[in-house]
Every structure is written in C-alpha cells, then in structure tokens.
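Taking it in order: structure first as structure tokens, then the write-up.
Just so you know, ligand 1 is whichever comes first in the structure, and atom 1 is the first atom listed for that ligand.
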Amino acid sequence: MVFHGPGDLRAEELPVPVPEPGEVVLKIDAALTCGTDVKTLRRGHPVMIPKVPTVFGHEFAGTVTAVGAGVSLREGDRLVAANSAPCGACAPCRADRPNLCEDLLFVNGAYGEYIALPPRLVSRNVVLLAPSLPAARAAFAEPLACALLAIERARVEAGQTVVVLGHGPLGCLLGMLAASRGARVVMVGKAGWRFDQLKHLGFARWLDASAAGSVVEEIRGLTAGRGADVVIEATGRPEVWEEAVDAVGRGGTVVFFGGCAPGTSIRLDTRRAHYEELALLGAFHHTPGTFRRAVEALESGALAPDRLITHRMRLQEVGRALDLMARGAALKVLIEP
Ligand SMILES: [Zn+2]
Ligand SMILES: [Zn+2]
C-alpha cells in the first residue's frame, strides 16, 4: 500500500526488495492499524513521512527472507522491528534519551508483503521472537513500547491509583500496563461501542466522561478526596489535559501522552503545581530499551493485548480498515497479507 499524499492510498505491485549491506528483508506475517496512520492518511505527517510517495504502515512482525552482507540474522528468523532507530551520536542519544534523538530514522511499509529494514534499524531496534509468540501479538511491540515509556516515566507502582483519560488502543495499553504493575486502574472514556470493550479487559473501574457530572469529582470520590497518584492523558485534547491536572492529587504525577494540535495552550493552576509538587511530564515515542522490554512483556504473557484486535483483514482492505478506525468502529485491525 503506497501513500501518495492526504487521502491517497493505493495498492501497487512493487518488486520484492533485495537487501543492501547491513539490511534485512522481512516477509510480513502481521501488521496492525494505528491511529497515527489514520491521522497521516488524512493530513500527512511531517516527521514520520518526510516525503511521498512512500510505503505505509508501521506496526508489524515478520520472518527474515534475505539478509545483506554483515548481518548476523538468518533466513527464517522471526522478529519484530520498531518503526524508528535513533542515531546514537547526538546530545539526547548520549544523554540516554534516544526517543528525543535529533535524527530519528523512521521506517514505514508494514502494509505490504515484504519490507526492507535499513542498517541502523537492524543494528539498533529489532528483537528476535520466541517461537511461542504469535506474530499478531508481537506486532503490538511498537505501540506497547510507547505506552511503556509513559508508565516508566510515571514510575507506576503497585497500590497506586492510576487514571487513564482516553480509551483508544493506546489508552487501553496504558491501562493494561499499569494494571500489570499492580496499580488500581480507572479508565475514563465515552460511552459507546469501544467503551464497552473495556469491560472485558479487567480494569478496576471505568468512568463515562459523557455522563452527567464531573470526571474530576468522581475521581476525587474514588480516592477519599485526595485525587489520583498518577493521571495519564491519552486523548490529545486540551480540555482533557487540564482535567488531567485537576484530577491528580498532592505530589502526584501527570503524563501528557496524547499530542494536541500545533499551537495549543492550556491553563495551569500554578499554586497547585508549586505547593503540591505536581510532576507534569511529557511522554513521546519509544526507546530501544522500552521496545525490548515491551517484547519481553508480550513474551512472558504479562500482557495479552491481542484482545484489542477487533477485526482481521487482507492487505487490499487497509483503506477500509483505516476508515473503520477513523469512525471509531475498530480498536485495532490485524492485517494479514
Ligand atoms: Zn502506531
Ligand atoms: Zn540521536
């Protein structure tokens, strides 16, 4: 599937890539749709898609079919690759913040039969899969690595009350990770089809943001008036960013996970931020470390996010799959070439 610009995704026949030195070619076994692809299809993406036309999609797992010179992987190896690789040399990389790399190399092409992985990705951000880990579950490694970065930044611990604002696939992954660490997780979303899925995921509580009454008051009510230990914003809407700060308790942590439109500002109660020592953190993308730990969590069975797959489709149906996502009628669509 080739992206030619906003609204223009085409099925095209391309030659199977031949690996250059340091490269690996994978046969894709499973790919997953992502909200980012929906946004990109609508309006392009300056960072992930610097030029068009380009192959498309970024969550996938596959089997090695060919390797370039100097690569230690072998034909038949099953692996999962992140959708980016840091340079390892810039100031953020040297400061162990590789998600903030000034020269992140992005890779697309999950919606295809084969993908070529560039040398930097092969050397820094691929993980071999245990035979027991199905490709459809392994393909969650990338979004899970993003969610794990947020959970690690928030230092989520057992016994804490963690509120997740937003119930898209990433909100669900954030909630599942927090629950796997023993936190009491409160999911906040809007009633409807997707919201009903939450009820099968075993969270402690779910609140309907569209019901009468204030979400912040409800969260205070659930925490003896104190507010949550950690609030994670996963909608990318400024009014919800503000709600996240309102819902956290003294000494608590807010993680801003959902990106808003460029130029957005929010109001902030400086008295609370200062006297209550609120930790207000951004969380962006993933690192090779969170990517590897995400695969470990999938492999150990600590997390089974494939329950978020609501549809399975063929490669030719990617357009329809992304349309379902855009209308909120699917959580994750599994694409099997
Ligand atoms: Zn994604
Ligand atoms: Zn870098």
Side-chain angles (χ1 to χ4, degrees), residues 1 3 9 28 30-50 54-62 80-112 115 118-121 123-125 127 135-150 166-174 176-177 234-236 257-259 283-291 294-295 298 303 305-306 308-311 318 321-322 324-326 330-335:
M1 299 302 292
F3 177 69
L9 188 65
I28 290 175
L32 294 170
T33 57
C34 170
T36 303
D37 297 335
V38 175
K39 261 198 279 184
T40 302
L41 185 55
R42 197 178 296 149
R43 61 185 192 216
H45 198 297
V47 179
M48 278 173 65
I49 309 263
T54 172
V55 287
F56 197 50
H58 64 275
E59 299 178 7
F60 61 98
V80 65
N83 65 330
S84 72
C87 76
C90 70
C93 276
R94 281 185 280 115
D96 201 24
R97 306 285 294 273
N99 55 318
L100 305 182
C101 174
E102 291 163 0
D103 181 30
L104 266 186
L105 172 71
F106 279 92
V107 175
N108 293 287
Y111 304 141
I115 187 171
R120 194 205 279 182
L121 186 68
S123 63
R124 296 222 164 90
N125 229 351
V127 182
R137 187 175 291 183
F140 275 92
E142 192 272 332
L144 190 61
C146 297
L148 190 56
L149 185 101
H167 65 297
L170 271 157
C172 293
L173 290 177
L174 287 158
M176 291 165 100
L177 278 171
T235 73
F257 187 85
F284 166 69
H285 204 51
H286 49 66
T287 67
T290 63
F291 189 71
V295 178
L298 294 167
L303 223 73
D306 35 332
L308 301 177
I309 294 172
T310 53
H311 300 72
V318 167
L322 294 177
L324 279 184
M325 299 277 292
L331 272 173
K332 282 281 194 191
V333 182
L334 173 63
I335 305 293

Option from Arg120, His285, Arg124 for which side-chain hydrogen bond (donor to acceptor under 3.5 Å, both in side chains) with Ser84 holds: His285
Ring geometry between Phe56 and Phe3 (parallel below 30°, tilted from 30 to 60°, perpendicular above 60°): parallel
Evaluation steps, side chain to side chain donor-acceptor pair (under 3.5 Å), between His45 and Asp37: CA-CA 9 Å; His45 198 297; Asp37 297 335; over 6 Å; no
SG (Cys87) - the Zn ion (ligand 2) - SG (Cys93) angle, nearest 10°: 120°
Metal-centred angle, SG of Cys101 through the Zn ion (ligand 2) to SG of Cys90, rounded to 10 degrees: 120°
Any N, O or S atom of His58 closer than 2.8 Å to the Zn ion (ligand 1): yes
The Zn ion (ligand 1) to nearest N/O/S of Glu59 less than 2.8 Å: yes
Residues Thr36 and His58: side-chain donor-acceptor under 3.5 angstrom: no
